[in-house]
Amino acid sequence: MTSGDNLFGRLLGRSSALTLDTPIAHPTGLQLQLDHQGHVLTVNGTLRSQLAAHALGDARPLLRELLCASSALSIEGSPADWQRQTLDLDFQGTADMVLHTRGWIEPDGDGWSLRLLDVGDLLAGRQLAQQRDHNYVMACQMSEQLRVCSLARLPEVFSEHLRSLAQQWHIPCVAMALLDEEDQGWRIYSQYAAHDAPALWQTDQHLGISLDSANGNAPLSLAQGRSDNPPLHSIFGNTDGFLVPYRDSQGVAAWLLCGLYNSQPHTSDRDWLNLTAALAAPLLSRLREQRHHQQLERVEALQGLLGTGWWELLPATQQIQLAPQLLHSLGQEDGATRQGLDAWLELIHPADRQELNSRLQDLQALGKPLLASVRLQRSDTDHTPIWYRVQGQVLGAGDNRRWIGFMLDISDIKNQQLQAAAAHARLDNLIASSPAVIYVQRYINGALHPAFFSDSLLPLLGWTLADCDHTSLVSLIHPEDRDLYFERTRQLLREGTVRSRYRLRDKQGHYHWLLDEAKLLRDDLGLPVEAVGLWLDVTDATLAAEHIRQSEERYRILVEDSPAMICRYQPDLTLTFGNTPLANYLECMPSQLPGLNLGNWLSDEQRQAFVQRISQLTAEFPVSTAEISLQLPGREHAWWVWSDRGVFDEHGALVEVQAVGRDNTDVRRSQQQLTQSAKMATLGEMATGLAHEINQPLNVMHMAVVNVLKRLSSGDVQIDYLTEKLQRIDAQVQRAARVVDHMRVFGRRSEIEQQPFDPAQALEGTLSLLGEGLRGKGVEMRITPADCGVQVNGYVDQLEQVLINLMVNARDALLGKRGKDPQFRPWIAVHCEHDSRHVRIWVEDNGGGIDPRLLERIFEPFFTTKPIGVGTGLGLSVSYGIVENMGGRLSVANGEEGAKFCIELPVL
């Protein structure tokens, strides 16, 4: 009764503290005595030891103070308000555990009794069931989405599922590894890594065969198996991991790799296996489907490329079913895949249709395999046949028999066979009619024995195979060439190919030069089998080559012994050949000439003119001749008359220049001396005029001095008057000085090389020497403004000499005519004109012209119409040579009133 009294006392509130060690019978679960305000008076039951001790330390705590925060919020009001309600209360347990209870409250005397049962296991089981249901739903969704998504989006959808799986289970790195059917190793199909986790794998990464050593019956944690399987652990980067296998009928086909992760307790091995199967099974199925589609596409593409396809015979309906690719190859894209057998046979050429139909009947009735090559019936104008190979066989037996086969386009092969047969026939005909003799020599016991000669042997040499056996063939070879033949055989056996030339006697006793080309054929072991070669009659070519060699020798002697300089050079003037005279001029050996450049002995102007001249050579006009000036080693300038002949390729491009030259130095110097002599003679002839040119200024100066002296004697001297007289005297001095200076310039020798100049300079110089003298003799000068505005190449002083000669001759003719007719008014006209290619200077007078019978001889040396002792007869001849050396032409004709000379020079 002690316990009852104590309990009664506690209910009356006589106890000051909550007592947990009252010796009462402990009911099942947890029983709490409460007062009307919800204070806990006593705690009994088997679960009281699981309550937190600090929660019961205070006397008479409120019930909410013993509960967890979530449950405390759900307890409101007094115990009277909690009647007829199921209470789910979570108490603060030991070691920070939570005690889950469920119960009810009922009146108990003056207070209330709260009776609770432990429902922790029930809640854990329900949570586990919910988690499993969630896992199942998630697995079903992933599996369904993988099964229905398109093959193109399969990698993307699978990657999304891996990310969802990693986020749901908080897995840092997750990947799916599949077995590579090609190398039987494991490859990462897809992977996902959180942003704060290292990427342990990469898509398409090879894992080798390390996964094969893992247990494929259950998930494997690497944290436990690290030391037992180092290769497997290395795949996870030496970190903890979790592997889940997927098995199909052939064994483990996939692995789910969970890196940096240990399996959660509430997820069982079966859950992991189900999740992995939900991912791997549809993935492998779709991948097999994709491979199957790709295989079908490859087969269809291959059939299209080969022009082939299957067919199946349907005897019950007398139809044939054709593959779509075969319909396309047959040009029946719009036709049905099933069609009548007769309609299909109509596609075959009539020449092959009956044979194919007969073989089809044998296939149905006798089961005899079908093999035939047929042509298609073509309605177009193309005569090239289309060939097909038709094969068929019987599958099955009894009522399950099927007649199937395929058609293959063999047009290329068949046409090549026909072409090869035609080519073989043409080759046989060509061999028989060819001037070459084709032969075969068998290798027997270390020697080559003739085994075959083409039919051309008889008309060429008159022999047969029997006449040219192994023993008699050597006797037909010229005695001087037998060593060549023996060496030919040794070289053929040693090196496998040979090319030789020797003489062979024909049946009439004449020898023919034969070109022998042969090749040795060997077997798989490298042993000689036979030699195949040909004999080509090269008698005419050999004799012609000998004639050419002799001709070349004569040509070489002619070139070397020729006194002329002969050479060949490239367009850039680099010598490729030169004979001895050229080498002597250049002071070197003939062998040193190749590689030298002719431009080394030319001035810049000469080199530029030389290159420009040969660049104008064409295949139609390949020859050019010119005089060139060179500075030879240790000598003065030399002049060569040089003739070039261009050699062009098939495109008309200049490849090489052949040149012949002769030394023209002596002739040129003689011409220069003659020109200088003529110039001096001209100056002598002009002496009277030049004296007048000088006396005229002297007379003016004399009169000016006399007038000044008179003024000085009279004392009437003005500054302006003296200034004007002195200026006149200065002008006359300059005039006389110009005449004297120009005489000095004109009298000098010409420059070595021609220079560009304006023809107006020569005209001005001529007028400065002759103008005043002509006017003083009463000859009117009609000068057109002489600004030609172009440049010519030559010597300005020599052109001036030509103009002086022409004007002096005109002057003499005019003065002679005026002596006969005092009323005659002489004049000389000079004018200049030019176009894009030439400049022309005309010198004309009114002296009556030249006797037409003398026009053809007017430029001959020493020919003159003047009296004996008056003229030398060289003026016009020298003038003609000067103009010609400048690349121009001097001509004469009679005009309306007198002679008309024309100087024509090329414009630069």
For a 4.5 angstrom cut-off between non-hydrogen side-chain atoms, does [X] reach [Y]?
X	Y	answer
Ile841	Pro759	yes
Ile850	Asn894	yes
Val830	Thr784	no
Leu876	Leu806	yes
Ser891	Phe901	no
Leu593	Leu596	yes
Leu767	Met807	yes
Leu460	Trp535	no

- Quick one: are the ring centres of Tyr502 and Trp513 less than 6.0 Å apart?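 No: the rings miss the under 6.0 Å criterion.
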
**OP:** Take Phe824 and Leu815, measure what side chain to side chain contact (heavy atoms under 4.5 Å, CB included) needs, and give me the verdict at the end.
**Re:** CA-CA 9 Å; Phe824 176 63; Leu815 294 180; over 6 Å; no

Residue [X] excluded, over 12 heavy atoms near [atom1] under 6.0 Å:
X	atom1	value
Glu487	CD	yes
Asp835	CG	yes
Arg494	CZ	yes

Exercise for review: For Asp644 and Tyr569, run side-chain hydrogen bond (donor to acceptor under 3.5 Å, both in side chains): C-alpha distance rounded to whole Å, both residues' side-chain angles, the deciding distance at 0.1 Å, then the answer.
Suggested key: CA-CA 10 Å; Asp644 301 299; Tyr569 56 88; 2.4 Å; yes

Give a yes or no on whether the backbone of [Y] and the side-chain of [X] come within a donor-acceptor separation of less than 3.5 Å.
X	Y	value
Asn579	Ile566	yes
Asp537	Leu514	no
Asn597	Asp572	yes
Glu627	Trp640	no
Gln592	Met589	yes
Asp649	Gly652	yes

- What distance do Leu575 atom CG and Leu582 atom CG have between them, rounded to the nearest 0.5 Å?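 One finds 6.5 Å between CG of Leu575 and CG of Leu582.
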
Inter-residue atom distance Met565.CE - Ser643.OG, 0.5 Å rounding
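The distance works out to 12.0 Å.
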
Check the pair Trp842 / Glu833 against side chain to side chain contact (heavy atoms under 4.5 Å, CB included), numbers first and verdict last.
CA-CA 8 Å; Trp842 299 88; Glu833 65 182 21; 3.4 Å; yes

Step by step, would you call Lys519 with Glu495 a salt bridge (Lys or Arg N to Asp or Glu O under 4.0 Å)? CA-CA 9 Å; Lys519 182 176 182 179; Glu495 301 178 5; over 6 Å; no

Please tell me whether Glu656 and Thr576 have a donor and an acceptor in their side chains that are separated by less than 3.5 angstrom.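 Thr576 and Glu656 do have a side-chain donor-acceptor pair below 3.5 Å.
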
### Task
Provide the closest heavy-atom pair for Gly646 versus Leu617 in the form atom of the first, atom of the second, distance.
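Minimum heavy-atom contact is N-CD1, 4.0 Å.
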
- Nearest heavy atoms of Arg488 and Ala518, plus distance in Å: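 Heavy atoms of Arg488 and Ala518 come nearest at NH2-CB, 4.0 Å.
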
message: Taking salt bridge (charged side-chain N to carboxylate O under 4.0 Å, His left out) as the cut-off, I'd like each qualifying pair that reaches into residues 880-902, sequence neighbours left out, listed once.
response: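 Sorted result for residues 880-902: Arg889-Glu904.
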
Going by the side-chain hydrogen bond (donor to acceptor under 3.5 Å, both in side chains) test, name the single residue among Asp516, Asp481, Thr542 that passes it with Arg501.
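Output: one option passes, namely Thr542.
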
- [ ] For salt bridge (Lys or Arg N to Asp or Glu O under 4.0 Å), just list the numbers for Arg503 and Glu480, CA-CA rounded to whole Å, side-chain angles, deciding distance to a tenth of an Å, and then say yes or no.
- [x] CA-CA 9 Å; Arg503 285 166 289 184; Glu480 297 178 0; 3.1 Å; yes

>> Leu803 vs Ile903, test: side chain to side chain contact (heavy atoms under 4.5 Å, CB included). Steps then yes/no.
In response: CA-CA 9 Å; Leu803 292 172; Ile903 303 172; 3.6 Å; yes

For Phe610, is the NZ or CZ atom of Arg607 found under 6.0 angstrom from the centre of its six-membered ring and inside 45 degrees of the ring axis?
->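 No - Arg607 does not lie over the ring of Phe610 by the 6.0 Å and 45° rule.
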
Leu890 vs Ser879, test: side chain to side chain contact (heavy atoms under 4.5 Å, CB included). Steps then yes/no. CA-CA 8 Å; Leu890 177 61; Ser879 298; 4.0 Å; yes

